[in-house]
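Notes follow once the structure below has been shown.
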Amino acid sequence: MFAGKNANVTAVRRKNNEIKFYEVPRKTTPWIQKLKKIPLVRGVVAILESSAKGSQHLNFSMESYAEDELEDDKDGSIAKSQEKEKKGWSLSMIVGVAVAGIISFIVGKLVFTVVPALIEQLIFGHAFKNIIVHNLLEGIIKILFLLSYLYIISLTPLIKRLFQYHGAEHKVISAYEAGAELTVSNVQRFTRLHYRCGSSFIVFSVLVGIVVYSFFHWDSLWERVYLRVLLLPVVLGFSYEALRFTNALRDLPVLRFLGYPGLWLQKLTTKEPTDEQVAVSIASFNRVLELDRQHS
C-alpha cells in the first residue's frame with residue numbers, strides 16, 4: 001500500500017499472477033485539515049485516519065485472498081456470488097470497516113498501555129515509592145511485552161508474509177528517494193528499514209510515555225491505570241511530534257541516532273521480501289505516481 005497526493009493504492013497479486021489494484025481517492029475534509037496543522041492534535045488525527053484507511057486496504061487484500069480460494073471450486077458459483085455482494089457494497093459498509101479499524105487500534109493501544117502498568121504494579125508496587133523508577137520499569141515491561149508479541153506473531157506464515165511486503169514497501173521508497181530506477185534488482189539492493197515507518201512511532205510512544213507519566217502522581221493501582229488511559233492522547237501527540245522531529249534530523253550525522261530505536265524495531269516488523277513481492281510493491285508505487293501525474 002502506498003499513499004499519493006491524490007489517492008491511496010494497494011496492489012495484490014492474484015493466484016493467476018495478475019496484479020489487482022485497489023484505489024481510494026484522497027478526499028480533503030476542511031476541518032480535518034485544520035486539525036492536522038495543530039501540534040500534538042495532528043498526531044492523534046493522523047493515527048486514527050491511518051488506522052481507518054489501513055483497515056479498508058487490508059480488508060481488500062483479505063477479500064482478494066478469499067476470492068482466490070473460492071475460485072478453486074469447480075463451478076465457481078460461490079465466487080460469483082461473493083463478487084455480486086462485493087459490487088453492492090454501500091457507503092455504510094465502507095465506513096463500518098474504517099470504524100472497526102479505529103476501534104481495533106484504540107483497543108490494542110489500551111491493552112499495551114494498561115497491561116504493563118498492571119504487571120509492574122503487581123510485582124514492584126510495594127517495593128519502593130519512587131514514581132520515576134516505577135515508570136522506567138513499566139516502560140521496560142512494555143518493551144519486552146511488545147517485542148515478545150511481535151516475535152511470536154512474526155512466526156506465523158500469514159504475518160511473516162505481511163512483514164515481507166512491509167519490507168518491500170520500504171525498499172521501494174528508499175530506491176525512489178535515492179533516484180534509482182524502480183526495477184526489482186535495483187530495489188532489492190536497498191535496506192528494508194526506513195525512518196518514517198510507523199514502527200518508529202511505537203517505540204517513541206513507549207519512551208515518551210515514561211516521561212509524560214512521571215509528571216503525574218498516583219496513589220493506587222486504579223488511579224495509575226486511569227491516568228494512563230486519560231493521558232494516552234497526550235502521549236500519542238508527543239510521540240508523533242518526536243517522529244517528525246527525528247525524521248527531519250535523519251541527515252545530520254550527530255543526531256541520526258535519535259531514530260535508531262525505531263529502526264531496530266523494524267528488524268521485527270519487516271522481513272526481507274522476495275522478488276515477486278518487490279514487483280508488486282513497485283507496481284503499486286508506479287500506479288500512485290501515475291495517478292498523481294494525471295491530476296497534476
Side-chain angles (χ1 to χ4, degrees), residues 1-24 50 53-74 76 78-80 82-83 86 97 101 150-200 262-294:
M1 172 185 170
F2 289 99
K5 295 179 181 178
N6 300 284
N8 296 326
V9 178
T10 289
V12 174
R13 186 187 294 278
R14 303 294 298 273
K15 270 192 174 181
N16 61 3
N17 280 328
E18 173 194 1
I19 295 179
K20 183 179 178 181
F21 296 100
Y22 177 58
E23 303 166 7
V24 180
S50 296
K53 292 178 179 178
S55 295
Q56 295 177 26
H57 287 260
L58 186 59
N59 189 67
F60 162 76
S61 65
M62 295 303 293
E63 282 187 347
S64 299
Y65 177 80
E67 285 176 18
D68 278 338
E69 295 301 311
L70 289 171
E71 284 175 0
D72 286 340
D73 293 345
K74 291 182 180 179
I78 301 178
K80 291 177 183 176
Q82 189 189 49
E83 187 66 26
K86 204 175 147 194
V97 173
L150 290 174
Y151 175 73
I152 291 171
I153 66 171
S154 70
L155 298 178
T156 64
L158 183 61
I159 299 301
K160 179 181 178 181
R161 186 170 179 81
L162 180 66
F163 286 176
Q164 284 179 301
Y165 273 110
H166 190 192
E169 291 170 347
H170 285 183
K171 282 174 174 278
V172 170
I173 289 294
S174 296
Y176 177 76
E177 291 176 341
E181 182 183 359
L182 296 184
T183 63
V184 172
S185 58
N186 283 346
V187 169
Q188 284 285 36
R189 291 190 292 106
F190 287 84
T191 177
R192 71 178 197 269
L193 312 180
H194 199 281
Y195 267 82
R196 288 198 303 272
C197 177
S199 301
S200 300
L263 295 178
W264 294 334
L265 184 60
Q266 288 176 45
K267 290 183 178 294
L268 281 177
T269 62
T270 65
K271 301 293 182 184
E272 283 296 330
T274 64
D275 287 350
E276 290 75 14
Q277 290 167 335
V278 168
V280 174
S281 292
I282 292 174
S284 178
F285 190 74
N286 282 337
R287 181 57 181 161
V288 167
L289 295 180
E290 182 182 349
L291 291 174
D292 285 346
R293 285 193 297 266
Q294 291 176 1

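The residues of the chain are indexed from 1 along the displayed sequence. What's counted below: heavy atoms across the whole structure, side chains too, no hydrogens, waters or symmetry copies.
- Here E290 pairs with R287 in a salt bridge; the nearest charged N to carboxylate O distance falls below 4.0 Å.
- In this structure, the side chains of L182 and N186 stay at 4.5 Å or more apart for every pair of heavy atoms.
- The distance from the NZ atom of K5 to the CG atom of L289 is 10.0 Å, given to the nearest 0.5 Å.
- In this structure a side-chain-to-backbone donor-acceptor pair under 3.5 Å is present from D292 to N6.
- Atom CD1 of I159 sits about 12.0 Å away from atom OG1 of T269, to the nearest 0.5 Å.
- No more than 12 heavy atoms of other residues, nucleotides or ligands sit less than 6.0 Å from atom OH of Y176.
- When all heavy atoms are compared, the tightest approach of A178 to F190 is CB-CE2, 3.5 Å.
- Distance check, rounded to the nearest 0.5 Å: CG of L265 to OG1 of T270 gives 9.0 Å.
- At distances below 3.5 Å, at least one donor-acceptor pair connects side-chain atoms of T156 with backbone N or O atoms of I153.
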Side chain to side chain contact (heavy atoms under 4.5 Å, CB included) between Y22 and V12, worked out: CA-CA 8 Å; Y22 177 58; V12 174; over 6 Å; no

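- The shortest non-hydrogen separation linking M1 to E169 is N-OE2, 2.7 Å.
- Panel note: side chain Q266, backbone H194; a donor-acceptor pair is recorded below 3.5 Å.
- Residue Q277 holds its CD atom at 5.0 Å from CZ of R161, rounded to the nearest 0.5 Å.
- Q188 and P273 make their closest contact through NE2-O, 3.2 Å (heavy atoms, listed as atom of the first residue, atom of the second, distance).
- Applying the ring pair (Phe, Tyr, Trp, His ring centres under 6.0 Å) test to F163 and every residue at least two apart in sequence or in another chain returns nothing.
- Rounding to the nearest 0.5 angstrom, the gap separating the CD atom in E23 from the OG1 atom in T10 is 10.0 Å.
- Between S284 and V9, the shortest heavy-atom distance links the atoms OG-O, 3.2 Å.
- Scanning all heavy atoms of the two residues, the minimum distance from S281 to F2 falls at O-CE1, 3.2 Å.
- Here the closest heavy-atom approach between residue A283 and residue I19 is recorded as CB-CD1, 3.9 Å.
- For the atom pair CZ (R192) and CD (E272), the distance works out to 5.0 Å, reported to the nearest 0.5 Å.
- Residues H170 and T191 are not in side-chain contact: their nearest non-hydrogen atoms beyond the backbone lie 4.5 Å or more apart.
- E276 has no carboxylate O lying under 4.0 Å from a charged side-chain N of R13, or vice versa, which leaves the two without a salt bridge.
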